[in-house]
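Here's the structure, in structure tokens; my notes come after.
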Amino acid sequence: MPELPEVETTKAGIAPHIQDQKIRKLDVRQAKLRWPIPADLAGLVKNQTVLAVRRRAKYLLIDIGSASTATKSETLKGTIIIHLGMSGSLRVIEGKVPPPEKHEHFDICLSNNITLRFTDPRRFGACMWQAAGEDSNLLDHLGPEPLSPEFDENYLFIKSRKRTSAVKTFIMDQKIVVGVGNIYASESLFLSGINPKKAAGKVSKAKYALLTHAIKEVLAKAIADGGTTLKDFVGSDGKPGYFAQQLRVYGRAGESCITCDTPIKQITQGQRSTFYCPKCQK
DNA sequence: CACTAATCCTGGACGC
DNA sequence: TGCGTCCAGGATTAGT
């Protein structure tokens, strides 16, 4: 399941292939994703140049517009917003494109004969549009990036005061901090020795220091390793990432804790599975 | 405002 | 073998 590291991996995989290229066409075969792909999107992006490829939270952002090499000026028309959902991936195809299969919902065809093909069996992904200068309800209310300096123990401590909800639910709230999905939430709470059920407002600043460091470390490590592979994530070049084998608690219910041998517990929080060690995490 | 539950979707695992 | 049932999950939306 694509979490932040997988999106970062995808960004790194596709950016060199599409940067500065002109979009020949957007070919939409299945518009019904998380939200419908806007009907006018194909027309909006046609013949526009890819100015930049960015990531915000788990959104992949492709800035497009016009670029003049003579005056070295760029004019941003807008941004294609892509979310991989739970089972989505983008694949880089060079040259001749094979016929689309069942869950391959759209292609972005570029002038250098590269095609970006979006696949998403569960269709929780999205492809949206933000016109330059306009508000985006997807991007405008997000919390800070977990890998940015402003995400630290002071930030989490202040934001969490008087919060009664569980710390695990708290760090998965995109308004608090983006990109910490279910897997990495369990992993970073284990690494920092915090019980996922503890109320966010009752966690000490010292513990939040451990937690912010753990979140940064686990995400950075996963990015370095090319993203976690669980079930159906495939990187942009079709190769899987290698982080799954390093998970310490996620998916290990009943197995013994790597540090104290106590069986790992699985519980449900906010309709999501949480894995933790009842002895190591207080 | 804080928090919870429902919702979208389909492949895979499991029980009978 | 095949059918039904349940589960996984991100992030928004509606409801309390």
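Residue numbers start from 1 in every chain, and the chains themselves are labelled A, B, ... in the order their sequence lines are given, proteins ahead of strands.
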Determine the contact category for Y59(A): base if any of its heavy atoms lies under 4.0 Å from a base atom, sugar-phosphate if only primed atoms, P, OP1 or OP2 are that close, otherwise nothing. sugar-phosphate
Which of dT10(B), dC8(B), dA11(C) is nearest the side chain of H83(A)? It is dA11(C)
Between CD of Q271(A) and P of dA11(C) the distance, given in whole Å, is 15 Å
Note to self: Less than 4.0 angstrom from a charged side-chain N to a carboxylate O is my criterion; do D27(A) and R29(A) meet it?
What the structure shows: yes
Separation of dT12(C) atom P from H141(A) atom NE2, nearest Å, is 10 Å
Looking at Q266(A), I'd like to know whether one of its side-chain N or O atoms comes within less than 4.0 Å of OP1 or OP2 on dA8(C). yes
Exercise for review: Say whether, by atom type as modelled, one donor and one acceptor occur between the side chain of D173(A) and the main chain of K175(A) under 3.5 angstrom.
Suggested key: yes
Whole-Å distance, K102(A) NZ to dT10(B) P, equals 8 Å
message = Does R34(A) reach a base, just sugar-phosphate, or nothing at all? Heavy atoms under 4.0 Å.
response = base
Side-chain N,O (S87(A)) to OP1/OP2 (dG11(B)) below 4.0 Å: no
- Task: Report which part of the nucleic acid R163(A) touches: base, sugar-phosphate, or nothing (heavy-atom distance under 4.0 Å, all strands).
- Result: sugar-phosphate
Q.
Between R55(A) and E8(A), does any NZ, NE, NH1 or NH2 come within less than 4.0 Å of an OD or OE carboxylate oxygen?
A. yes
Atom CD of Q269(A) and atom P of dG10(C) are separated, to the nearest Å, by 13 Å
What is the nucleic acid contact for T169(A), judged by heavy atoms within less than 4.0 Å: base, sugar-phosphate only, or nothing?
-> nothing
Of dT12(C), dG10(C), dA8(C), the nucleotide closest to the side chain of W35(A) is dT12(C)
Scanning both residues in full, the closest heavy-atom pair of I171(A) with V177(A) reads O-CG1, 3.5 Å
